[in-house]
Number of protein chains: 2
Amino acid sequence: MPQVSDTSQSPRKGAITRQAILDAAVRLASVEGLETISIGRLAEVLQMSKSGVFAHFGSKQDLQLAALDAALHRFVSEAMQPALHQAAGLPRLWGLCDQYLSYLERRVFPGGCFLLATWAEFDSRPGPLRDAAAAAMHTWNDAIERAVISAQEVGHLDTMGDPAQLAFELNALLQAANSAFLLSNDRREFDRARVGIRDRLTRLATAQAPHRPAASSPGDT
Amino acid sequence: MPQVSDTSQSPRKGAITRQAILDAAVRLASVEGLETISIGRLAEVLQMSKSGVFAHFGSKQDLQLAALDAALHRFVSEAMQPALHQAAGLPRLWGLCDQYLSYLERRVFPGGCFLLATWAEFDSRPGPLRDAAAAAMHTWNDAIERAVISAQEVGHLDTMGDPAQLAFELNALLQAANSAFLLSNDRREFDRARVGIRDRLTRLATAQAPHRPAASSPGDT
DNA sequence: CCTACCGATCGGTAGG
DNA sequence: CCTACCGATCGGTAGG
C-alpha cells in the first residue's frame, strides 16, 4: 500500500495531466481561438483518448474557462509581475507598458496577446466566457489605471490630466502594437508604440519626475 | 414567355437570394465570427434548405470570403466614403477618424467593427481568409496614411512628423474605442478617442491649418 | 484514464 | 432551388 511511494511517479499524476491538457489548449487556442479547439484534437495532440481529456473537465466550457485562467496567469507573470515590483510612479507605469511590449516581442503566445484575442472572440457573445474574458481585460486595465493614479500621487505626473484618458491612450498604443505587428510582422510597430507612450508620459511629467522615462531609444531605423 | 416581365419578380432572383444570404452571413458573423457561421444555421435563418444556400457558393470558404467582401463594401460606404469627399488636408483626415467613430456609434455591425473582429479572428491562421482580412485592414490603414501625407502636402500638418507614426497613433485610438466600448458599453470611450485624436492633430497643425479640427466637443460629462 | 457508443451537426455531393 | 444522402467530427455518456 504505497502511501508516499517512491516520488518518481504518482504524487499527483492527475494534476500533471491536467496541466498538460491546459498547456496544449492554451497553445492551440492562441492560434485558432478558444471556441475552435475541440476535445478530440486535444486528445490527438496529447496522445490520449477523447474521454481521457474530457474526464478532467466537466464540459467543454469548463475546459475553455480553465484554459483562459491558465493563460491569464501566464499573462500576469510575463507581462505584469516584473513591472509591478518597480517603484511607484513613472518607473512602474513605464515598466508596465514596456513589459507588455516585451511580452508581445517575446511571443509568449504564438497568436499574439491572448487576452486581446479572447476578448475579440467573445466580446459580442454573452455568457461565462465573455464574462471571464472581460474580467481578464479588467485585470490589465485596472493595473494601468492604478499605475497612472499612483504616478500622480507620488508627484511624477501632472494631476491636471484625466487618469482614465491617459490610461485609454496608453492602452490604445499597446493594443495597436499587437494587431499591427501581426499584420505587418514589422518590429518597428513596437518602436511606434514606445514613441507614442514616451511622448504621452514626458508631456505630462512634472519637475519631480525621475529623469523622465528614457527607455530603450528606438533609433531612427 | 415574359422577357421583360412586370418588374415585380424575376429580374435576377438568384442574385437577390445570394444577397440575402450574404446579409444574414454578415450579421451572424459580426457576432459569432466568420468561422463559426454554418451553412445549416444560415439555411434555418433564411428558411431555405442547406443545399439551397450552398448552391450559391462553391464552398464554405467561398461563402466566408464573399461575406467578408460584402462587409468590406459596407464598411467603406459607412466609415470611409463620406469623409473621402471632404477637402484634402485636416478636414479629410479628421473626417475619416470622426466618420469611423460614428460608424462604431451607429452600430453598423452588431458586433463592433467587422474588420477588426475578422482580423483578430484570422491574424494567426494562414490562408485565403487571413489574406482577405489583411487586405481589408490595409484598405483602411492606407486611407488614413494617405490622408496624413496629403495633410502634410497641403501644408496643414508639420512635415517634421513621421506619417507612419501619426497614422499608427490615430489608428490605435480608433481601435481602442471599438474594444473599450464593447467592454464598458460607455459612450465616453468615443470621447476619449476624439480627445486623443484632436490632441495629436492640433499639436502637429501648422499656421495654415483651417481653424484647427474643432469637432463636436465631448463636454465634461 | 480506457473502449465503446450516442444523437446532433458539420461541409459537401448526387440527381433532379 | 429541392430531397436525400455521405463520411467525419462534434460534445458528451456508460461502464469499467
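Residue numbers start from 1 in every chain, and the chains themselves are labelled A, B, ... in the order their sequence lines are given, proteins ahead of strands.
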> In whole angstroms, how far is the P atom of C:dT9 from the NZ atom of B:Lys60?
Replying inline: 15 Å
> What is the distance from CD1 of B:Ile21 to C1' of C:dG11, rounded to the nearest Å?
Replying inline: 15 Å
>> Between P on C:dC10 and CZ on B:Arg41, what's the gap in Å once rounded to a whole number?
In response: 7 Å
> Taking atom CG of A:Leu96 and atom CG of A:Leu84, what is their separation to the nearest 0.5 Å?
Replying inline: 5.0 Å
> Do B:Phe109 and B:Phe75 have ring centroids that are under 6.0 Å from one another?
Replying inline: no
>> Distance check needed: C:dT9 C1' versus B:Leu42 CG, whole Å only.
In response: 14 Å
>> What's B:Ile37 touching, base or sugar-phosphate or nothing? Going by heavy atoms closer than 4.0 Å.
In response: sugar-phosphate
> What is the pairing partner of C:dG15, taking Watson-Crick or G-U wobble pairs with both distances under 3.5 Å in any strand?
Replying inline: D:dC2
> Nearest to the side chain of A:Met48, which nucleotide is it out of C:dC2, D:dT3, D:dG12?
Replying inline: C:dC2
>> Measure CD1/B:Ile39 against P/C:dC10 and give the value in whole Å, please.
In response: 9 Å
> Under 4.0 Å between a side-chain N/O of B:Ser38 and OP1 or OP2 of C:dC10, yes or no?
Replying inline: yes
>> Could you check whether the side chain of A:Ser51 and the base of D:dT13 have a donor-acceptor pair of N or O atoms closer than 3.5 Å, going by distance alone?
In response: no
>> Rounded to whole Å, how long is the line connecting atom NZ of A:Lys50 with atom P of D:dA8?
In response: 14 Å
> In whole Å, what is the span from the CG atom of B:Asp62 to the P atom of C:dG12?
Replying inline: 9 Å
> CZ of A:Phe54 versus C1' of D:dC10: gap in Å, rounded?
Replying inline: 12 Å
> Between A:Ser150 and A:Arg146, does any side-chain donor sit less than 3.5 Å from a side-chain acceptor?
Replying inline: no
> Without hydrogens or angle criteria, can the side chains of B:Glu189 and B:Ser184 be said to hold a donor-acceptor pair below 3.5 Å?
Replying inline: yes
